[in-house]
2 protein chains.
Amino acid sequence: MRDSNNLEAIEIGDGNLNYVFRVKDLDTKKSVIVKQAGHTARISEDIKLSTDRIRIETRALQLSYERTPHFVPKIYLFDEVMSCCAMEDLGDFTIMRTALMDHQIFPNFADHISTYMAENLLPSSDVIMEHKEKKKCVETFINPELCEISEDLVFTEPYFDQNNRNEVLDENIQFVKECLYENEPLKLEVAKLKYLFLTKAQSLLHGDLHTGSIFITEKETKVIDPEFAFYGPIGYDVGNVIANLTFSWVNGLANNKIEFSQWIEDTIQETVDLFQVKFKEVWKREAREIFAAKTDEFMEYYLQDIMNDTAGMAGLELNRRIVGLAKVKDITGLDHHQRIKAEKICISIANRFILNRHQYTKGIDFVQVLQEVKEDFQ
Amino acid sequence: MRDSNNLEAIEIGDGNLNYVFRVKDLDTKKSVIVKQAGHTARISEDIKLSTDRIRIETRALQLSYERTPHFVPKIYLFDEVMSCCAMEDLGDFTIMRTALMDHQIFPNFADHISTYMAENLLPSSDVIMEHKEKKKCVETFINPELCEISEDLVFTEPYFDQNNRNEVLDENIQFVKECLYENEPLKLEVAKLKYLFLTKAQSLLHGDLHTGSIFITEKETKVIDPEFAFYGPIGYDVGNVIANLTFSWVNGLANNKIEFSQWIEDTIQETVDLFQVKFKEVWKREAREIFAAKTDEFMEYYLQDIMNDTAGMAGLELNRRIVGLAKVKDITGLDHHQRIKAEKICISIANRFILNRHQYTKGIDFVQVLQEVKEDFQ
């Protein structure tokens, strides 16, 4: 392809920040994806952003490819001067959120995503990685600008009535006021979680692991777009998966897709439980730090701590996608009447996740909250 | 001094890592201290170390000077090529540990050190510092080699019977075995604290805040040697101060210096309580992060979390100075019989601090442990 004279480049991306092109050799029909980061955001010349994000994304994908080649696209090239990378074309994959809005079922997803998380998250932590190397890795992935986006949109704006970019349905303003803006016990817990995000350099995260960052087919799952990668709490990634499955579940409920919603419940449960099983496997196989290698009690403590963070972070993702600037189509795509109720359901689940986050041990504990809130709203 | 032809340089340091010279203009009698970091440790050509530590030390002193000029020496010059810095000569100051071994009393110490800690630690945290700037600061102070020294000597070796550089008195081997090497509940808590040290990027710490890193006179206190500076848990610095005062207290007990030991008890209590008062003042004056600025409950939670870490880290410092490679003269300087008992007292205090670390709220809570253990050993 390098020597081809017959290349075609078509912009296929519709993201907010970057340009994504499919570059095709019209003779051989081979193609690659070229992703380029500009000095401004794709949606607005007014938003200045460092192009360093493409370095972070590329490096994160390369590291994931080393650990889990089945679950990320292969990187062919990184060009620092052009702020772009070339990667494997996943032409026949669909964005998972889109497929879930069609209520498609992916029986292998829990297995795939739990492997992706266990195999990528734990090995970048001090449990496995030599501590000096880990500190270098922390340095490589210091990501101030993209973290700031999350700090504002996920951890701050949804909880304050002013200085925000929130968009709330008129019918839900009172509900949001009571449940979020004026809910002081909740805000104290949100503050604690925000400081975990700001300070807990546990593992190299994907940092934006929602169903729009996942390409899927019936048989395969590929995680893309780790431009928000940084060293943070493992529960942030796991929690994002749980929260975004929950949006699909609420969408399924609203559309009366019983089989689909049941599959989502099973998938949430299995994602948590399989993550735990695989996490322990990786730990037992690879733990190098001496306390981690020697005591099961510490592993159990560490895993429970991840579960606490997972529940809290899942709650934060649920709230911010309902109230904050960046919405999800699973909910905004519902008819207006259904959407009002769906949003209340999401916020109710979210607040239980946040306030009771120390009570979640197994996958069923998460699913139970969904079922309880569903009954409350029937 | 720059143009003087009549300079004298005398090595005055006896540290393990670096060279410290007093450079004096024999005409004007003015002098400066020049500290230089070699590619190997001063004590052994076999120990290779990055000279980056002198950059970290200089930068940390400069930052502290901006916040608390009374409590650190002034930096005049940093020379990257020569791996050295020139700073204010604190000629008439004494190393605090030495003065405390003479049972000297410093009535202003609690006031000084609590100001130094509150004014330096909190402003480098996400409570006050803008988060993007803080992340750059985290990057500046990534300190893999010196952190590794602490990770090994403080958080690992004292708790394992093998692969260590521990030195234990024959008479105390059985005690150390029971209290440390074979104390599984304790080791679980030590593991948790080790991971806080490895992952909790809360504030820019001094990183080695013992009484050998403090120069003192009757009226003034100067903190030196922040070459271990990095972003870690605030309680690590506060805990080091408490632990090292405790060594002096034990030394005072052994030497029957009642007034001195009473002063140390008062100083521990005041250090904790004044730190809390000043910490809250700085918080209320400067907190910028929105949750921190708006809710007292979060401030109280944050401070209690620091107290938990303080107790735990104080315990770790106590144990490692008794069992590990780097001893303190306050204890090794005692006569053999006294030392045996003093070491047991220190370990007993340490383990209470570690195991009960969530129960310490005020300064008196720390002092009470000292008194209880003293009674146990009478």
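Chain letters run A, B, ... following the sequence lines, proteins first and then strands; every chain starts at 1. On a predicted model such as this, the values are computed, not experimentally measured, just so you know.
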Toward chain A, the part of Glu189(B) with a non-hydrogen atom under 4.5 Å:
neither

Taking only Lys NZ, Arg NE, NH1 and NH2, and the carboxylate oxygens of Asp or Glu, determine whether Lys135(B) and Glu151(A) approach each other closer than 4.0 Å.
yes

In terms of heavy-atom proximity below 4.5 Å to chain A, should Tyr195(B) be classed as side chain, backbone, both, or neither?
side chain

To the nearest 0.5 Å, atom NE2 of His131(B) lies from atom OG of Ser150(A) at 12.0 Å

Mind ranking Lys187(A), Lys134(A), Glu148(A) by heavy-atom pairs under 4.5 Å with chain B and telling me who comes out on top?
Glu148(A)

Tell me, yes or no, whether the heavy-atom count around Glu184(A) atom CD, taken from other residues, nucleotides or ligands under 6.0 Å, exceeds 12.
yes

If one checks every heavy atom of Glu157(A) against chain B at 4.5 Å, the contacting part turns out to be neither

Between Glu139(B) and chain A, which part of the residue has a heavy atom less than 4.5 Å away: side chain, backbone, both or neither?
both

Phe230(A), part contacting chain B, at a heavy-atom distance under 4.5 Å
neither

Look up atom CZ in Phe197(B) and atom CG in Asp126(A), then write down how far apart they are to the nearest 0.5 Å.
11.0 Å

Interface residue of largest heavy-atom contact number with chain B, from Lys194(A), Glu133(A), Lys200(A), Gln202(A), under 4.5 Å
Lys194(A)

So, the part of Phe155(A) with a heavy atom under 4.5 Å from chain B: the answer is backbone

Just to be sure I understand the criterion: a residue of residues 285-301 of chain A counts if one of its heavy atoms is under 4.5 Å from a heavy atom of chain B. Which ones qualify?
Glu289(A), Ile290(A), Phe291(A), Ala292(A), Lys294(A), Thr295(A), Glu297(A), Phe298(A), Tyr301(A)

Which residue out of Asn163(A), Leu198(A), Ile142(A), Leu188(A) racks up the most heavy-atom pairs below 4.5 Å with chain B?
Leu198(A)

Verdict with supporting geometry, Lys192(A) and Asp305(B), side chain to side chain contact (heavy atoms under 4.5 Å, CB included):
CA-CA 11 Å; Lys192(A) 295 177 188 175; Asp305(B) 181 63; over 6 Å; no

Chain B shares the most heavy-atom pairs under 4.5 Å, among Cys147(A), Ser203(A), Pro144(A), with Pro144(A)

